2 protein chains.
Amino acid sequence: MRSYRQYCGLAAGLDAVGDRWTLLIVRELLILGPARYTDLLRGLPGIPTNLLANRLREMEAAGLVERQEPAPPVATPLVSLTERGRALLPVIEAVAAWGAPTLGGIDRDAEFRTHWLVLPLRRHLRDADPDKPPVCIEVQAGDGALSVEAGGGTVHVQVGRPDAPDAVIAGAPDAVLATLLGHATLNEARKRGVRVTGNRRALARIIPDDGRDSTS
Amino acid sequence: MRSYRQYCGLAAGLDAVGDRWTLLIVRELLILGPARYTDLLRGLPGIPTNLLANRLREMEAAGLVERQEPAPPVATPLVSLTERGRALLPVIEAVAAWGAPTLGGIDRDAEFRTHWLVLPLRRHLRDADPDKPPVCIEVQAGDGALSVEAGGGTVHVQVGRPDAPDAVIAGAPDAVLATLLGHATLNEARKRGVRVTGNRRALARIIPDDGRDSTS
DNA sequence: CCGGATCCGGGTTGATACTG
DNA sequence: CAGTATCAACCCGGATCCGG
């Protein structure tokens, strides 16, 4: 991107991450951790392959990502965020918090990937009862599954299907998210097609926490 | 901008404000309040006039800004932010906080407008002594002047030269900002060309406050 | 002066095909 | 799997022009 050439923090930030697709690439790397080129392509439906290659080069030059060339035993190269890149989490959360209310009116054929729920879940879920033994919940809302583990006062959200979940929640993305974030009751969720199996009390263990800071 | 067509809060937000110049236009309107077309042009060095006109149309359609057509007595039409547009302040603060550390290495001929200091000053300054009578400080750092008024526990930062300031601080933008935000002592600032006239104690009345929330 | 509209050259994006 | 190559369409930047 052409620089704005303005002595202004906002303009300087946009010089680095204002390009189309750049923040979405950061999103993917925040969710996945070190990822292969093909993993990124899967999580960025619509991006041309050459554009992803270009962006990764620019982002590497800007110090946002680094490539881990594989050791001799043939493996695939990985891309990961630098500390500077991970520092974009507050930016992404701010844009997402601002943009999320408009998701209701999005068109029917919009793409969705289950792992996109990871950031909102990490942001809003808290362990309701740190002293009890940990619980594990499986979330199914699209093309894949997530693992939500609560224990010791923290909640870990990861991509992938857990081995022995205490409960499983499945349904349409918006309905599942609304349920987990406390925007819909279990009865309302049921009417919207959300199904919960296993120990329902495990769901009560993770509670939404919208008051993390004063700026929200 | 083409939509990403992704069911994701980040993508939805970028669909609306990911276009080039859009967030900088919001910056100007946050600083200036209702503004004329020409005022915006002055605060956005480098933007082509047609692009500003296009963006304002798109932003009006997206509900970010609204035009106040002048009443019969001939006046110039004004553009102002809607509530939805003002809600972008946390986004802009997050990007600016992330981008500001790179301002040191910016090229010499970057543009600067004094009023760009308004948002960082509003964000970081606090009234150190709410019970004392209010003070007013004039800030000169480029093409114009700002008024910083502290009193009753709050700090008001506005564009324009105050009538009777208790103190005046003038110098290069980076040095003045570093001084006001407490990143440089008065002695260091002096070496960097910052000059303070009037009552220096008025400067001690406004103090930097970086701990406003836990996300910074 | 204010608020644009118009035109044009060049760069970027999007879509797809292809290759080591 | 990890890109490169190609090409059309679009968008941006720079300039000029024009009606109030």
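Note that these values count all heavy atoms, side chains included, but never hydrogens, waters or copies made by symmetry. Per chain, numbering begins at 1; letters A, B, ... match sequence-line order. Being a predicted model, the structure only gives us computed values, none of them experimental.
- Here the side chain of A:Arg113 pairs no donor or acceptor atom with the backbone of A:Asp143 at under 3.5 angstrom.
- As rounded to whole Å, 11 Å separates atom P of D:dG13 from atom CG of B:Leu24.
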What does nucleotides 11-20 of chain C look like as a protein-contact string, B for base, S for sugar-phosphate only, - for none, at under 4.0 angstrom between heavy atoms? --SBBBB---
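- Residues A:Leu81 and A:Leu88 form no side-chain contact, since every pair of their non-hydrogen atoms from C-beta on lies 4.5 Å or further apart.
- A heavy-atom distance below 4.5 Å is not found between the side chains of B:Ile169 and B:Gln140.
- The distance between atom CZ of A:Arg5 and atom P of D:dG14, rounded to the nearest whole Å, is 10 Å.
- Side-chain contact between A:Arg36 and A:Leu78 is present, with at least one heavy-atom pair separated by less than 4.5 Å.
- Side-chain contact of A:Gln158 with A:Arg122: a donor-acceptor pair under 3.5 Å is absent, judged by distance alone.
- Rounded to a whole Å, the CG atom of B:Leu52 is 8 Å from the P atom of C:dG4.
- Nearest approach of B:Pro90 to B:Ala87, heavy atoms of both residues: CD-O, 3.2 Å.
- Between A:Glu60 and A:Arg57 there is no salt bridge, since no side-chain N of the basic residue sits under 4.0 Å from a carboxylate O of the acidic one.
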Show the distances under 3.5 angstrom between N or O atoms of the protein and N or O atoms of nucleotides 1-3 of chain C.
residue: C:dG3; atom: OP2; partner: B:Tyr37; partner atom: N; Å: 3.4
residue: C:dG3; atom: OP2; partner: B:Thr38; partner atom: N; Å: 3.0
residue: C:dG3; atom: OP2; partner: B:Thr38; partner atom: OG1; Å: 2.7

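- For the pair B:Leu146 and B:Glu138, the minimum side-chain heavy-atom distance is 4.5 Å or more.
- At whole-Å resolution of the value, CG in A:Leu56 and P in D:dA2 are 11 Å apart.
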